[in-house]
Each structure stands twice: as structure tokens, then as C-alpha cells.
Asker: 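Handing you a structure now.
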Amino acid sequence: MESLLNAHATLIENAVKAAQAAGDLPAFALPAVEIKPPNRPEMGDYAYAGALAVAKAAGMKPIDIAQAIAKHIAPAPFIASVEVAPPGFVNFRLDGAWLRAQIPNIANAADTLGNLTLGKGKRAQVEFVSANPTGPLHIGRSRGAIVGDTIARLLEAAGYEVEREYYFNNAGMQMRHLGNSMRIRYLQALGLPVELPKEEGTFYQGEYLREFAQQLVAERGDSLAEAGWETFKEYAERKMFGMIRQTLERIHIEHDHFFNENSLYDDGSVNATLEALQERDLIYVAPVRESETDEVKAKSANQAPAQWFRSTRLGDTEDRVVLKSDGSPTYTLPDIAYHMNKLARGFDVLVNVLGADHYTEHQVVKYGVQALGGEASRIHVIIMQFVRLIREGREVKMSTRRGDYETLDDLIDQTSSDAVRYMLLARNANSRVDFDLDLAVKQSTDNPVYYIQYAYVRCAGILREAEARGFDASAADLAQLDDEALPFVRRVLTLGDTIAYAAQTFEPHHIAFYAHDLASAFHTLYDRLRVFGDGIDPHVAAARLRFYQAAHVSFKRVLGLMGMSTPDRM
RNA sequence: GUGCCUGUAGCUCAGUGGAUUAGAGCAUUUGUCUACGGAACAAAGGGCCGGGGGUUCGAAUCCCUCCAGGCACACCA
């Protein structure tokens with residue numbers, strides 16, 4: 001049973017065909033069948049509203065169409081009843097015995113629970129974090145890290161072969177600034193009277209460079225006193241990457257592949273990209289844009305020319321510089337080369353998680369890919385709005401270069417890796433997040449992450465108790481299980497639908513809300529369906545224990561999909 | 001000014017064109033209960049879904065427009 005939604009949809013499709021063959025319905029093209037749980041649970045477990053949509057095409061009243069469909073729905077083991085409700089709904093109710101029979105399957109599924117074959121045989125790549133190694137990860141980056149990693153987990157569950165990639169740029173001006181800053185810190189560590197200039201855009205003010213400098217002095221003494229910025233850049237970069245990877249590990253993120261932008265220069269891709277654009281007549285050499293007025297052109301006629309990508313021809317609002325007047329490329333050229341490279345690696349799906357400030361950049365890259373004949377439709381860009389930090393009711397400004405940012409490490413120290421993951425996951429990527437630091441610190445008891453994990457802890461507690469008492473549920477008769485436990489089972493069985501939806505829309509927050517709903521359904525039951533206690537029939541107790549084993553597996557799986565831990569005690 | 005995103009309960013947010021009643025959490029009020037771990041459960045109050053038009057049998061959801069907020073609009077990366 002891969003998906004109950006699909007199973008119901010198939011029933012509808014076949015019923016329509018059968019009704020048409022029998023002459024109960026006229027011939028008409030059936031739109032894609034959409035099945036949903038009704039808003040009002042008393043109406044049933046799943047509902048089809050399509051009879052309303054096809055009424056015109058069929059030339060019949062919706063209620064009559066629904067009747068005709070219902071009449072031809074083939075019996076299925078999971079269906080208890082099919083009802084028609086005005087003005088034209090077909091409502092399905094799941095069979096209790098069938099639901100009970102799923103409990104052992106759930107308990108045995110372990111970490112494959114909810115897995116799909118949607119992406120079978122397909123390869124997906126998720127590129128995320130991709131922070132240049134100029135400073136520790138700050139909170140703004142961590143949202144993308146968590147969203148990207150969870151998308152990767154969901155795609156894996158959906159059956160894709162997934163690669164997590166980290167793209168880094170150690171060839172730009174910022175890295176030179178880092179090298180220069182590091183050099184000054186090194187000289188300071190040697191006791192020389194040098195000051196780090198306060199220019200934030202050019203010199204990195206963060207304390208971490210002092211620490212690196214101390215270590216470098218310990219390793220190399222004063223042997224580098226005459227060395228150039230490149231030496232210091234390389235050292236700082238290496239140390240910084242170590243820090244970043246360590247931080248990511250704390251929130252259970254590990255990349256499979258680190259892609260160095262330099263390699264695109266080394267293997268000639270950047271040049272090849274420029275030449276390919278030139279061949280297509282999409283590059284021109286001029287001091288200013290072609291679209292500028294004659295007046296501006298005349299004024300700037302003596303300035304050194306740059307090379308412009310005629311992206312307006314692809315639909316852009318203005319042309320973009322790809323090669324500056326000093327001959328160095330802007331980000332655009334290597335980024336286009338990079339995306340062509342990704343496409344050439346044969347991924348069926350490419351996901352790129354970016355901050356809102358990268359929107360324009362990504363558009364230009366996409367125009368470039370299109371211009372070069374790349375299959376741009378395989379590239380899915382997730383644009384995330386920013387995380388705003390609030391402390392004492394006021395916004396805290398973040399800046400990597402300045403040094404007064406909040407790092408992801410700080411945040412994990414103050415809360416927990418699970419809390420950070422859940423709080424940054426449980427909202428739609430295109431809404432801005434206000435992260436209240438004071439609340440995050442003291443909120444540990446209110447945080448929904450504990451509510452969800454507590455459901456798992458309670459299951460673990462029951463299982464522990466059963467083991468201590470030597471109580472075995474393997475031969476339980478699930479017919480003895482209380483009816484009120486069945487809505488929970490039904491909800492567990494929709495995990496696959498949630499994974500499918502979240503993976504296809506690249507909206508991982510759905511899994512967070514699903515987890516909360518599941519925990520809510522669980523806690524209600526826990527209060528009412530005790531396994532151990534006076535006056536509980538042992539057969540009922542055994543069935544309940546079997547049920548809690550399934551619940552235990554369900555929460556483990558859901559927490560795992562969110563990259564969260566599963567503590568047995570809290 | 002142009003492009004993208006957002007506007008839903010006091011606060012933080014879900015909501016995949018469907019059912020005369022728009023959902024959670026927090027906060028507020030009231031109960032349960034001292035547990036297989038109460039970081040729980042049950043219940044109540046609280047809403048012109050930013051405003052206005054339109055499409056549709058049917059709109060928080062799609063389209064137009066206005067208002068408000070955020071982000072981006074460099075020969076920075």
C-alpha cells in the first residue's frame with residue numbers, strides 16, 4: 001500500500017470507466033482525480049468532489065454523477081463504505097478490520113515507513129548551505145541548511161537517489177579580504193604593532209581570526225611574517241571549513257559532495273561558457289549597457305569596456321556584466337558554468353536552496369542556462385525569506401563581516417539542535433521567520449519539539465515497562481483494540497501522502513505540521529488507553545501494546561525525517 | 001520607481017478550488033489528574049481570511065486593482 005490517496009483515486013477512475021461502459025454515465029474526459037480527507041471527519045475518511053467539476057461536461061446533475069460513480073466502485077479490502085452526499089460528493093470510509101491489520105505492518109516498517117517509489121530510478125541533487133568559508137555559519141544560513149537537508153531526506157523517502165552538495169567559492173574578492181585580515185591578525189599574534197582597519201567591507205572583524213592566528217603562530221612561529229595574503233587565505237579557509245562542518249554535524253547535516261568554484265576555472269568551463277555565449281551573439285563589449293541613452297554612452301565612451309550578457313533577449317529586465325572592465329568575471333559566468341555542470345552530471349531533479357537576496361542572481365543564471373540550451377526546468381529554486389533575530393523585543397542585525405552576528409553554534413548552545421531544527425523547519429520557506437532568542441532559551445517547555453518527542457518518550461516508556469514485566473504482545477488479537485485508536489492508525493497511513501506532497505512541492509514544513517498532528521492524536525489516546533493497570537483485560541492490554549509498538553515506530557520515523565533525535569527519556 | 005515575497009484569532013503560524021459552522025500552538029478562563037514520566041488531556045471565549053472588484057455551481061485559495069510590510073534591484077560575492 002503505497003498511498004491511500006492513489007488507491008482511492010484509482011477506484012474512482014475505474015468506477016467512471018465502468019459507469020461509462022454500462023451507460024450510466026455519458027462519455028467525457030475525466031480530469032485528474034483528486035481525493036482529500038473531508039474537513040468534517042464525520043463525513044468519512046476520504047472524499048471525491050470531482051462530480052461537481054464534471055457536471056457541465058457530462059450534462060448531468062452532480063448528485064446523479066456521484067451516484068453513478070458510487071454504484072460502480074469496485075470492492076476493496078480497505079473500504080468499509082461508500083456514500084454519496086449532496087451536492088455531489090463521494091465519501092469513503094476506511095474499514096476498521098483492515099486498519100487493525102495494518103498495525104503489524106507499521107510496527108515492522110521501521111525506517112522505511114511511508115517510503116514511496118515516486119522517485120525510483122531517478123537521481124536528485126540538493127544544493128544547500130554553500131556558504132563561503134569566510135566566517136562561522138550564522139542563523140540566516142542555518143534556515144537554508146535545515147530546509148535543504150529536510151528536502152533531501154524527503155526526496156530519499158520518496159525513492160530518489162539523493163546527493164547533498166555544497167558549492168563554495170574560494171576564488172573571489174572576499175577570500176582575498178579574508179587572507180588580508182588573517183595576515184594582520186597573524187602579525188598581531190606575533191606581537192607586531194599592526195591595526196586591523198575598521199572597514200567592515202574589506203576586513204573581517206570576527207574574533208575567530210584571532211584564534212586562528214594564535215594557532216598559526218603555534219604551528220609555524222614567525223616563519224610566515226613575509227608571506228602574502230594567499231598563504232593566509234588558504235590557512236583561514238581550511239580552518240573555517242573545519243568549523244562549518246563541525247557545526248553542521250551538530251544539526252545532523254552532512255554533505256556528500258563539496259564543489260569548488262575554482263575547478264570551473266581550472267577545467268576551462270568558465271571560459272567555455274563565455275565563448276558559448278559569444279557564439280550565440282549574446283555578449284557585447286561596451287562601457288555601459290546598450291539600453292543606455294546616447295548621452296550616457298557619449299559620456300562614458302572613454303571608460304574601459306566590460307563584457308555584457310545580453311540577457312534581455314531571454315526576458316531579463318536589463319543586461320548583466322559577466323566580465324568586468326578589469327578582465328575578471330562576475331559571479332554570473334561561473335554560476336552559469338556551475339549549473340551547466342550540474343545538469344551534465346545527469347540529475348533528474350536539481351534543488352537549489354537560496355536566500356531571498358539571491359533571487360535576481362538566480363534568474364540571470366537561469367537565463368544563461370536557457371541560452372546555452374540547458375534543461376532549466378530541472379532546476380528548482382527554493383527561495384527563503386530571511387530569519388530575523390529578536391532579542392529583548394528588538395531586532396538584532398546580522399553581518400558576517402562585522403562580527404556581531406549570531407552564530408548557529410551559539411543558538412544550538414542556547415537551545416538544542418532539535419529545537420533549532422524544528423523551529424526553522426515548521427514554517428513555509430517564503431514567510432519571514434522572527435526568531436525570538438529570549439523565547440527560544442526559556443521556551444524549552446512550550447516548544448512543540450518537546451511535545452512531539454514526548455510522544456516518542458511515552459511510547460518508549462510503555463515498551464520499557466512491558467519488557468520489565470515480561471509482557472509480550474506478539475500474539476495480540478488486534479480485534480481487541482479499542483476503536484478510538486483507529487484514527488491514529490489512519491493518520492500514520494497518510495505519512496506517505498504527506499511525504500509525496502512535501503517532496504513534490506519542496507515544502508518540508510508540511511512534515512513538521514504532520515508530526516505535531518500525529519503527536520496530538522497520540523497524547524489523547526495515551527491518557528485513555530492504558531496498557532498496565534487494574535481491571536484491564538490482558539487481551540485488550542496486549543492489543544494496546546501492539547498498537548503502541550506501531551506508534552513508537554511511527555514517531556521514530558517522523559522525527560528521523562526531520563533530522564531530529566529520538567530520546568528514550570527526557 | 002521595477003521585480004519577487006508576505007498580509008488569516010491578542011501573539012506566532014497551518015490551510016493541496018469544495019460540504020450553511022475557516023484550523024493549530026502560545027496567551028486567557030474552566031475542568032481532569034499525580035500517571036506505562038503531567039513537558040499531558042478535556043472544554044470555553046476570541047475571525048468583515050488587509051480593502052474593493054471579477055472568474056466559478058463553489059474562493060482564504062485563481063485573476064485584476066488598491067493599501068500596508070519585507071527583500072532585491074552594483075563593473076560586491
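Just so we're on the same page: letters track the sequence lines, and every chain starts at 1.
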Asker: Can you confirm whether or not the ring centre of F168(A) sits under 6.0 Å from the ring centre of F241(A)?
Answerer: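 Close enough - the centres of the two rings lie under 6.0 Å apart.
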Asker: Could you tell me the separation between the CG atom of L354(A) and the C1' atom of rC71(B), rounded to a whole number of Å?
Answerer: 14 Å
Asker: If you assign F89(A) and A460(A) each to the RNA chain B nucleotide with the nearest heavy atom, which residue ends up on the more 5' nucleotide?
Answerer: F89(A)
Asker: Going by modelled atom types, is there a donor-acceptor pair between the base of rA77(B) and the side chain of D335(A) at under 3.5 Å?
Answerer: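 No, the side chain and the base share no sub-3.5 Å donor-acceptor pair.
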Asker: So L529(A), base contact, sugar-phosphate only, or nothing? Heavy-atom distance under 4.0 Å.
Answerer: base
Asker: May I ask you to evaluate whether N430(A) reaches the phosphate of rU6(B), defined as a side-chain N or O under 4.0 Å from OP1 or OP2?
Answerer: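 Affirmative; the distance criterion is met.
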Asker: At 4.0 Å (heavy atoms only), tell me whether Y501(A) reaches a base, stays on the sugar-phosphate, or touches nothing.
Answerer: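 It contacts base atoms.
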Asker: Rounded to the nearest 0.5 Å, what separates atom CG in L493(A) from atom OG1 in T498(A)?
Answerer: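 Rounded to the nearest 0.5 Å, the CG-OG1 separation comes out at 11.0 Å.
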Asker: How many angstroms lie between atom CG of L333(A) and atom CG of L277(A), to the nearest 0.5 angstrom?
Answerer: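 Spacing of CG (L333(A)) from CG (L277(A)) equals 7.0 Å.
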Asker: NA contact type, S325(A), heavy-atom cut-off 4.0 Å: base, sugar-phosphate, or nothing?
Answerer: base
Asker: Evaluate whether the aromatic ring of Y359(A) and the six-membered ring of the rC71(B) base sit under 5.5 Å apart, centre to centre, with an inclination under 30°.
Answerer: no
Asker: Taking all atoms of both residues into account, what is the closest heavy-atom pair of Y284(A) and R310(A), and its distance?
Answerer: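 So the two residues come closest at CD2-NH2, 3.3 Å.
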Asker: Among Y454(A), F522(A), Y456(A), which residue meets the ring pair (Phe, Tyr, Trp, His ring centres under 6.0 Å) test with F555(A)?
Answerer: F522(A)
Asker: Y548(A) has a side chain; which of rC41(B), rG15(B), rC36(B) sits nearest to it?
Answerer: rC36(B)
Asker: With rounding to the closest Å, how many angstrom separate the P atoms on rG18(B) and rC63(B)?
Answerer: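 15 Å, rounded to whole Å.
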Asker: Scan the side chains in residues 511-519 of chain A for donor-acceptor partners under 3.5 Å anywhere in the protein, sequence neighbours excluded, and list what turns up.
Answerer:
residue : atom : partner : partner atom : Å
Y514(A) : OH   : R491(A) : O            : 2.8
Y514(A) : OH   : V492(A) : O            : 3.4

Asker: Strictly below 4.0 Å: does Y526(A) bring a side-chain N or O up to OP1 or OP2 of rG38(B)?
Answerer: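 So the side-chain polar atoms of Y526(A) do come within 4.0 Å of the phosphate oxygens OP1 or OP2 of rG38(B), strictly under.
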Asker: Considering only the C1' atoms, how many Å lie between rG45(B) and rG10(B), rounded to the nearest integer?
Answerer: 12 Å
Asker: With the criterion set at under 5.5 Å between ring centres and under 30 degrees between planes, would rA39(B) be stacked on Y450(A)?
Answerer: yes
Asker: Distance check: side-chain N/O of H523(A) vs OP1/OP2 of rG38(B), anything under 4.0 Å?
Answerer: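 It does not, given that no N or O in the side chain of H523(A) lies less than 4.0 Å from OP1 or OP2 of rG38(B).
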Asker: Sticking with atom C1', work out how far rG69(B) lies from rG54(B), rounded to a whole angstrom.
Answerer: 26 Å
Asker: Once you apply a heavy-atom cut-off of 4.0 Å, does F532(A) come out as touching a base, just sugar-phosphate, or nothing?
Answerer: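 Base, at least one base atom sits under 4.0 Å.
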Asker: Q174(A) has a side chain; which of rA77(B), rC75(B), rC36(B) sits nearest to it?
Answerer: rA77(B)
Asker: Mind checking P87(A) for me? I need base, sugar-phosphate or nothing, with any heavy atom below 4.0 Å counting as a touch.
Answerer: nothing
Asker: Run the ring-centre check on Y166(A) versus F128(A) and record whether the distance is less than 6.0 Å.
Answerer: no
Asker: Using 0.5 Å steps for rounding, measure from the NZ atom of K233(A) to the OG1 atom of T134(A).
Answerer: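 That separation rounds to 12.0 Å.
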Asker: Can you tell me how far P in rG3(B) sits from the matching atom in rC66(B), rounded to whole Å?
Answerer: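 After rounding to an integer number of Å, I get 11 Å for this pair.
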Asker: Could you tell me whether A466(A) contacts a base, only the sugar-phosphate backbone, or nothing, with contacts defined as non-hydrogen atoms closer than 4.0 Å?
Answerer: nothing
Asker: Touch check for D319(A), heavy atoms < 4.0 angstrom, all strands: base, sugar-phosphate only, or nothing?
Answerer: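 The residue D319(A) makes no contact with any strand.
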Asker: Among T273(A), D335(A), L323(A), L274(A), find the one that has a side-chain contact (heavy atoms from CB on, under 4.5 Å) with P329(A).
Answerer: L323(A)
Asker: How far does the P atom of rG15(B) sit from the matching atom of rG50(B), given to the nearest Å?
Answerer: 14 Å
Asker: Check the chi torsion on rU12(B) and let me know: syn if it falls within 90° of 0, anti if not.
Answerer: anti
Asker: Considering only side-chain heavy atoms of Y454(A), which listed nucleotide, rA40(B), rA72(B), rG15(B), is closest?
Answerer: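 Output: rA40(B).
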Asker: Return the value, rounded to whole Å, for the distance between atom CZ of R569(A) and atom C1' of rC36(B).
Answerer: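 Whole-Å distance recorded here is 12 Å.
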Asker: Taking the six-membered ring for Trp and the full ring for Phe, Tyr or His, determine whether the centres of Y501(A) and H510(A) are under 6.0 Å apart.
Answerer: yes
Asker: Roughly how far apart, to the nearest Å, are rU16(B) and rU61(B) at atom C1'?
Answerer: 9 Å
Asker: About how many Å separate CZ of F547(A) and CZ of F488(A), when rounded to the nearest 0.5 Å?
Answerer: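 It is 5.0 Å, given to the nearest 0.5 Å.
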Asker: Considering only heavy atoms, which members of residues 53-67 of chain A lie under 4.0 Å from some atom of RNA chain B?
Answerer: A53(A), K56(A)
Asker: What integer number of Å spans the C1' atoms of rG52(B) and rC26(B)?
Answerer: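 Their C1' atoms lie roughly 34 Å apart.
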Asker: Mind calculating the distance between CG (D418(A)) and P (rA39(B)) to the nearest angstrom?
Answerer: 18 Å
Asker: Looking only at side-chain atoms of R427(A), point me to the closest of rU12(B), rA77(B), rA72(B).
Answerer: rU12(B)
Asker: Which part of the nucleic acid does R432(A) contact within heavy-atom distance under 4.0 Å: base, sugar-phosphate only, or nothing?
Answerer: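 Sugar-phosphate, backbone atoms only, no base.
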Asker: Under 4.0 Å between a side-chain N or O of H516(A) and OP1 or OP2 of rC13(B)?
Answerer: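 The answer is no; no side-chain N or O of H516(A) sits under 4.0 Å from OP1 or OP2.
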Asker: So, do Y338(A) and F259(A) have ring centers that fall under 6.0 Å from each other?
Answerer: yes
Asker: Identify whether any heavy atom of R458(A) sits under 4.0 Å from a base atom; if not, whether one sits that close to sugar-phosphate; answer base, sugar-phosphate or nothing.
Answerer: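 Sugar-phosphate, no base atom in range.
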Asker: H509(A) has a side chain; which of rA14(B), rA72(B), rC73(B) sits nearest to it?
Answerer: rA14(B)
Asker: Any side-chain N or O of K324(A) less than 4.0 Å from the OP1 or OP2 oxygen of rC76(B)?
Answerer: yes
Asker: Does rA14(B) have its OP1 or OP2 closer than 4.0 Å to a side-chain nitrogen or oxygen of S431(A)?
Answerer: yes
Asker: Give RNA chain B the dot-bracket treatment, 5' to 3': Watson-Crick (N1-N3 with N6-O4 or O6-N4) or G-U (N1-O2, O6-N3) under 3.5 Å, [ ] crossing, | other strand.
Answerer: (((((((..((((....[....)))).(((((.......))))).....(((((..]....))))))))))))....
Asker: Assuming nearest nucleotide by heavy-atom distance, tell me which of E465(A) and M43(A) is located more 5' along RNA chain B.
Answerer: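 In this pair, the answer is M43(A).
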Asker: Could you measure between the two C1' atoms, the one in rU28(B) and the one in rG46(B), and give it in whole Å?
Answerer: 9 Å
Asker: Look at the side chain of V321(A) and decide which nucleotide, out of rG18(B), rC75(B), rC41(B), has an atom nearest to it.
Answerer: rC75(B)
Asker: Starting the side chain at C-beta, find the nucleotide from rC71(B), rC36(B), rG37(B) nearest to D357(A).
Answerer: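 Closest nucleotide among those given: rC71(B).
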Asker: Which nucleotide wins on minimum distance to the side chain of A356(A), given the candidates rA72(B), rC71(B), rA14(B)?
Answerer: rC71(B)
Asker: If only atom types and distance count, is the side chain of R143(A) paired as donor or acceptor with the main-chain N or O of I139(A) below 3.5 Å?
Answerer: no
Asker: Answer with base, sugar-phosphate or nothing: what part of the nucleic acid does N132(A) contact at a heavy-atom distance below 4.0 Å?
Answerer: sugar-phosphate
